[in-house]
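Notes for the one structure printed next.
Here the structure is a predicted model, which means the values were calculated and not measured. All ligand and atom numbering here is 1-based and tracks the order in the structure. The chain is numbered in sequence order, starting from 1.
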Amino acid sequence: MKKLIGLKKFSKFYTAVFISGTGSNLENLIKFSLLNKSPIKVILVISSNTKAKGLKLAKKYNIPFKTFRFINKIKDEKKILFYLKKNKIKIICLAGFMKILSENFIKKFNGKILNIHPSLLPKYKGLNTHERTIKNNEKFSGCTVHYVNSKLDSGKIILQKKIKIYKKDTPKTLAKRILKHEHIIYPKALMKIFSNH
Ligand code: GRF
């Protein structure tokens, strides 16, 4: 984040949100970014899925979007980097984005890519987190906002919310409850990283 310090105090940081699915975090970030206090402004949506529901949300809020299927990752990432540069994007928020970005891509945006993951990282990286958490009889789960580095779900943690797992919880009920907290901590994490600037 240090490189961003020099920018004007009250101008918002242009942000791209990367999605693959429903986009509830996307909508939440868009709504947040419309508030005066928000340090970011969502101006671009990138989807790895042409049928992602989240694209309807991009349309609803009039935010330009591009879809890339990542069949040729190198080529697609090159094109994405072009759009990010063209739109003066300073921050990338991954929100239910199901592709793994290359080391080269991450290097180009080093320290400026955030992700949200529905577990108490470093526990339960990767997919099917809720199934695995419940199967292991964990008492707690939660969600984590972290910086993205070249290892999956492993970058520095910015903010985490811990919640209790109930005996009656299924992966579905747990996912639903955690998602509500995701919508609270993602904006909070953004406020946190910009609070010193
Ligand atoms: C969220 O639980 C997020 O943490 C995970 O995928 C889900 C995406 O939900 N990586 P949505 O598309 O933001 O509704």
According to a hydrophobic-cluster definition based on side-chain heavy atoms being under 4.5 Å apart (Ile, Leu, Val, Met, Phe, Trp, Tyr only), do Ile40 and Tyr61 belong together? yes
Under a 4.5 Å side-chain heavy-atom rule over Ile, Leu, Val, Met, Phe, Trp and Tyr, are Ile185 and Leu121 clustered together? no
More than 12 heavy atoms of other residues, nucleotides or ligands under 6.0 Å from CD of Glu103: yes or no? no
List, ordered by chain and residue number, the protein residues whose closest non-hydrogen atom lies under 4.0 Å from any atom of ligand 1. Thr22, Gly23, Ser24, Asn25, Gly96, Ile116, Pro118, Leu179, Glu182
Compare all side-chain heavy atoms of Asn28 with those of Pro187 and state whether any distance is below 4.5 angstrom. yes
Does the side chain of Glu138 pick up a donor-acceptor pair with the side chain of Thr133 at under 3.5 Å? no
Quick one: do the Lys125 and Ser154 side chains pair a donor with an acceptor below 3.5 Å? yes
